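Within every chain, numbering begins at 1; the chains are lettered A, B, ... in the order of the sequence lines, protein sequences first and strands thereafter. Owing to the predicted nature of the structure, the values given are computational and were not obtained by experimental measurement.
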2 protein chains.
Amino acid sequence: MMGVMSSDLIPRLWGKPPAGRRGPKPALSLAQIVEAAYVLADEHGLSAVSMARVAEEVGCSPMALYRHVKNKDELLILLSDRLCAELPEPSRDLGWREGLAAWMRAQVDLALRKPWFLDLPLAVTLPGPNRLAWIDLAFYYLRDVALPAEEKLAIVGILSQYTLGEARIEVEAALSEEDNPFASFEQMLVTYADPERFPSLMASLATWSPAAPGERSEADNPSAFGQGLLIAGIEAHIERHAGCSGPE
Amino acid sequence: MMGVMSSDLIPRLWGKPPAGRRGPKPALSLAQIVEAAYVLADEHGLSAVSMARVAEEVGCSPMALYRHVKNKDELLILLSDRLCAELPEPSRDLGWREGLAAWMRAQVDLALRKPWFLDLPLAVTLPGPNRLAWIDLAFYYLRDVALPAEEKLAIVGILSQYTLGEARIEVEAALSEEDNPFASFEQMLVTYADPERFPSLMASLATWSPAAPGERSEADNPSAFGQGLLIAGIEAHIERHAGCSGPE
DNA sequence: ACTAATTTGCGTAACCTATAAACAGTTAAC
DNA sequence: GTTAACTGTTTATAGGTTACGCAAATTAGT
């Protein structure tokens, strides 16, 4: 009957100690499989990570992988947690503002270093040990901020999501070097944007100088704006709830 | 050699008038294909949207579709813009705060009505006419806010991204009715969370009462917190830049 | 106008991928 | 030893996509 929960993903994420093993010794280990996928993604992009290719790499039949992983999506979740192990921890001597900013930047930098990360179909990835350690770091920076755990969790979630978007923009910009990341967006606008159809948008954009190539509008860090906005929001929220930090 | 740009996606998104057609009259129209995909997704979920199934629906061979869309991903982009046509426009008599809140809520509500929306592999979807109209609405609410167009664009992007995450949470919660959306997250924590390994996280979570089922912690709107945070951030940014709204 | 070149729409065949199902060999527990 | 639990393989099916071929329609050349 196996009243097992819908997913053994969690034990697999955490390298569950194999229970009462009865059958033959496994020739493959999960770590080995994930590592093979990692190397493949790193060297040939995420598209090279097919079950067949991974199997070939570890020397087994493609279907053998399914004894260790429920399906390809699960392998990719494991892969994404594996990637989190590559995040370099910023200094712990930072205030929550600078700390979180560095925390975000490290993630964008990782995406720049491993662009295939953004090809992962993430959605609602359940964090594994490595990602959870990264979240723990965010909580470290927030340690002196007087907010309930659930709000901190929500904040970390929002920052993560923003970071992902920022990473996408920067990676795309880096790939089409010298080319504006909004190139296709701009082209679309100039070709089809109809002031009658999109009046508010066009009115606002009318005052926009599209930033000459090679020149950065604000600082040399285009993500500064979004980051600042989010940090400001957190600040405002903290101040607003400064007095009511008593229990209940 | 056809120095054609990498993508004819844009013309396709905008229902490009077919130029100097030379060959036989098309038996299929793009709109017809997208509509078939839309109906399939609506009735049987996104997994029912396979090239073969769509082709069957419009009465042609699977490969015929490739004369109208580059690949399945492009079909899905068209589909996602088609879905944006279903967004009901909130009242225009709202301040920017309330307007943007309603704008976000409408998107979450759409996701609740069409859960398959969240299965779309979106990433960096280039907006089509319908989505652009929706963005225009956001700019309408921001019309009296004195910020440069690029900052407004960044804000809208951040709100969109947050909304998507919020939608995911609410949809998941609605699917596992009565069940905590963080069920697996919580289970993972109680099983594996090690205070030595994740000290900051566990310290913060130690003061967390996991909210009894059926009870909502804050208001009956769990998204209030994130929305409030973002709106507060925007407010703070506006105030900070209140005086320097002059040109350059 | 008539033909030929060209361009376009669609189908067939073939390949790769993911994965379900059935199978076979292995080992520990009884 | 028998059995149950487990590992990996073989086989089969469905879906996405490329290569290619034929037919239709439009344009050019005469």
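Put simply, CD on B:E74 is 11 Å from P on D:dT17, counting in whole angstrom units. Remark: C1' of C:dA18 and NZ of A:K70 are 13 Å apart, rounded to the nearest angstrom. Look at CD1 on B:I33: it is 14 Å from P on D:dG16, rounded to the nearest Å. Taking atom OH of B:Y66 as the reference point, atom C1' of D:dT18 lies 10 Å away to the nearest angstrom. As a whole-Å value, the separation of A:K72 NZ from C:dC16 P is 15 Å. Rounded to whole angstrom, the span from the CE atom of B:M63 across to the C1' atom of D:dA19 amounts to 9 Å. Atom CG of A:L76 is separated from atom P of C:dT17 by 15 Å (rounded to the nearest Å). Atoms CG (A:L28) and P (D:dT9) sit 8 Å apart, rounded to a whole Å.
Checking B:M51 against A:P62, the closest nucleotide of DNA chain D that is more toward the 5' end is the one next to A:P62. Nearest-nucleotide positions on DNA chain C place B:A27 closer to the 5' end than the other of A:V49 and B:A27.
Here the rule is side chain to side chain donor-acceptor pair (under 3.5 Å) with B:D109, and of B:R105, B:Q107, B:R113 only B:R105 fits it.
The shortest distance between side-chain heavy atoms of B:M188 and A:W14 falls below 4.5 Å. Within the 4.5 Å cutoff, no side-chain heavy atoms of A:S47 are placed close to those of A:W116.
Looking at heavy-atom distances under 4.0 Å, A:S61 makes contact with a base. A:A64 comes within contact range of at least one nucleobase, with a heavy-atom separation under 4.0 Å.
A donor-acceptor pair under 3.5 Å links the side-chain atoms of A:W103 to the main chain of A:W134, judged by distance alone.
The side chain of A:N71 sits closest to C:dT19 out of C:dG11, C:dA18, C:dT19.
One finds a side-chain N or O of B:H68 lying less than 4.0 angstrom from the OP1 or OP2 phosphate oxygen of C:dC10.
Ion pairing between A:D8 and A:K70 fails under the 4.0 Å rule for side-chain N and carboxylate O. At a threshold of 4.0 Å, the pair B:E74-B:R12 counts as salt-bridged, since one of the basic side-chain nitrogens sits closer than that to a carboxylate oxygen. Salt bridge A:E57/A:R53: present, at least one basic N to carboxylate O contact under 4.0 Å.
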Just the table, please: protein N/O against nucleotides 24-28 of chain C N/O, every pair under 3.5 Å.
residue : atom : partner : partner atom : Å
C:dT27  : O2   : A:R22   : O            : 3.0
C:dA28  : O4'  : A:R22   : O            : 3.0

